[in-house]
There are 2 protein chains.
Amino acid sequence: MRIEGSTNADAHSVSAELKRKILGGEFQYDERLPAERSIAEQFGCSRGTVRAAMERLEDLKLIERRIGSGTFVRHKLTANETDIANSTSPLELIEVRRGLEVQAIRLAVVNASARNLQAVEKNLIELEALGSRCEPEDFSKADQAFHLSLAECSGNSLMIWLCNHVNDVRCHRQWSAMKDKILTQRQIALYNKQHRAIFEALNSRDINAAEKETIAHLQLAKDDLLGAT
Amino acid sequence: MRIEGSTNADAHSVSAELKRKILGGEFQYDERLPAERSIAEQFGCSRGTVRAAMERLEDLKLIERRIGSGTFVRHKLTANETDIANSTSPLELIEVRRGLEVQAIRLAVVNASARNLQAVEKNLIELEALGSRCEPEDFSKADQAFHLSLAECSGNSLMIWLCNHVNDVRCHRQWSAMKDKILTQRQIALYNKQHRAIFEALNSRDINAAEKETIAHLQLAKDDLLGAT
DNA sequence: AGACATTGGTACAAAAATGGTTGGATATGG
DNA sequence: CCATATCCAACCATTTTTGTACCAATGTCT
């Protein structure tokens, strides 16, 4: 298990995270990245590990490094990254999730194994442990993990695949820009209540309650989205 | 037989779950899986069991293992969406369509333009013109076009994109094999009645009727599928 | 111009982590 | 009883990560 921030990270996860931040626009073009030693401290790993990750990104032509100066973003995307993700608005995303995840929870109630439920509960507990004062970024990640573990319960490969890819969209720019506005302490607390309710319904195999709670959850997310624009 | 011990897992269930996570995209291409020892702990089984499961996945060319480095996803199938298609059963497909298309029709009732409705009607007329004696292959194509034009009405680009790709799955092997059994004259006539009902509901902007008819349509398809196996 | 701090680049050895392997103990079901 | 499967505890070979030290280039200050 890779847990961000709190524990050590290997070269793969470091490069993946940096890549995500660059492609997601968190690090703008031509911007200088933090120093290697600084990133190492931030990830809780050694400088050598960070350098290994950097070499990967350099091979991908995502960054350029200059001795004594720093590391700079030099990405040339457009071709590969102009996928559906970037042209999808957060509102469109919620509408699709409402279709997919409501059906997923219905299947989950029927098909979830004991192990599936344990995984969901684990993610739920981690999510709740973050508390309502956590960083929106951290909450968003844990929230995504929770919802994906719900999809897992469906036992339907196609459903899982779709939920995974649809949730990837959340990492992109338009959504990132709104996270800070929407994910206030108050809303996080509300969301967590709903997460708990969804899990309880699923755990007791109550299909109607599970569906109702999931719809309520996505409806709230949609309302928050509309309120923030 | 395997009694569902809540914690222990045998090689079969471990490999099945890992396979699902790979196919579902939770473990993406080129990503490193958790270490064997870590997976063993997670599943509450021994490392040997995990290794047995891994060997299965290696035989299936799903993963590649490197000493001292780790286990990596080598599944070209995750690279594009047509591959998940081949490993999706018709039943799984119907379940996903039930999620997507029901939501699509709800959005369609709200958002469909006059031009959208004309396109749907055109496809519907063509479908009906085929009659109930047509080739299953031809009906399937026209049916697909009709359903895609419904998705178009949603005005949600992500929804349209997903419905397009999900419907592509129908062109593949497992589905093709069943077409001839299911698409009898009698069933084609039934399906066409439902198509007409869906269009009428959409055209008169009756969201509840549209949803009800769509659910009924997919339910019938599901029942036929179950009956044919 | 010169001193100094900061940056990435390099080298090397110790420590840790990883998959691969072996042998024997312990069930479980035929 | 045997066959199969699982578990456990080692050990091996390889790779990765770490820690440390130092080098070279750059930027900033006096």
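For clarity, every value in this text was computed on a predicted model and none was experimentally measured. Here is the naming used below: chain letters follow the sequence lines, and residue numbers restart at 1 for every chain.
- Closest to the side chain of B:R32, from the set C:dG9, C:dT18, C:dT21, is C:dT18.
- Protein atom CZ of B:R47 is 13 Å distant from nucleotide atom P of D:dA9, rounded to whole Å.
- Closest to the B:I67 side chain, of the nucleotides D:dC22, D:dT14, D:dC11, is D:dT14.
- For the pair B:D10 CG and C:dA27 P, the computed distance is 18 Å after rounding to whole Å.
- Atom CD of A:E55 and atom P of D:dT16 are 12 Å apart (whole Å).
- Nearest-nucleotide assignment on DNA chain D puts the 5′-proximal partner with A:A11, out of A:A11 and A:G68.
- Distance from the side chain of B:R51 is smallest to C:dG19 among C:dG19, D:dT16, C:dG8.
- Cation-pi geometry between A:R115 and B:F43 is not satisfied (NZ or CZ under 6.0 Å from the ring centre, within 45° of the ring normal).
- In this entry the distance linking CD of A:E41 with C1' of C:dT6 reads 15 Å, nearest Å.
- The distance between atom CD1 of B:I39 and atom C1' of C:dG19, rounded to the nearest whole Å, is 12 Å.
- Of the candidates D:dT16, D:dT17, C:dG9, D:dT17 carries the atom nearest the A:S46 side chain, counting heavy atoms from C-beta on.
- Considering only side-chain N and O atoms, B:R65 lies under 4.0 angstrom from the phosphate OP1 or OP2 of C:dG20.
- In terms of position on DNA chain D, the residue among B:G48 and A:R66 whose nearest nucleotide sits closer to the 5' end is B:G48.
- For B:S157 and A:E92, the side-chain atoms include at least one donor-acceptor pair closer than 3.5 Å.
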Test A:R97 against A:H147 for side chain to side chain contact (heavy atoms under 4.5 Å, CB included), laying out the working first. CA-CA 10 Å; A:R97 286 183 61 199; A:H147 282 279; 3.7 Å; yes

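- Summarising the geometry, atom CG belonging to B:L158 is positioned 11.5 Å from atom CD1 belonging to A:I94; distances are rounded to the nearest 0.5 Å.
- Atom NE2 of A:H12 and atom C1' of D:dT17 are 13 Å apart (whole Å).
- What separates CZ of A:F72 from P of C:dT7 is a distance of 11 Å, to the nearest Å.
- Dashed line: the shortest gap from a side-chain N or O of A:S69 to OP1 or OP2 of C:dT6 is not under 4.0 Å.
- A donor and an acceptor atom, one from each side chain of A:S113 and A:N116, are located under 3.5 Å apart.
- Distance CD (A:E36) to P (D:dT20): 17 Å, rounded to an integer number of Å.
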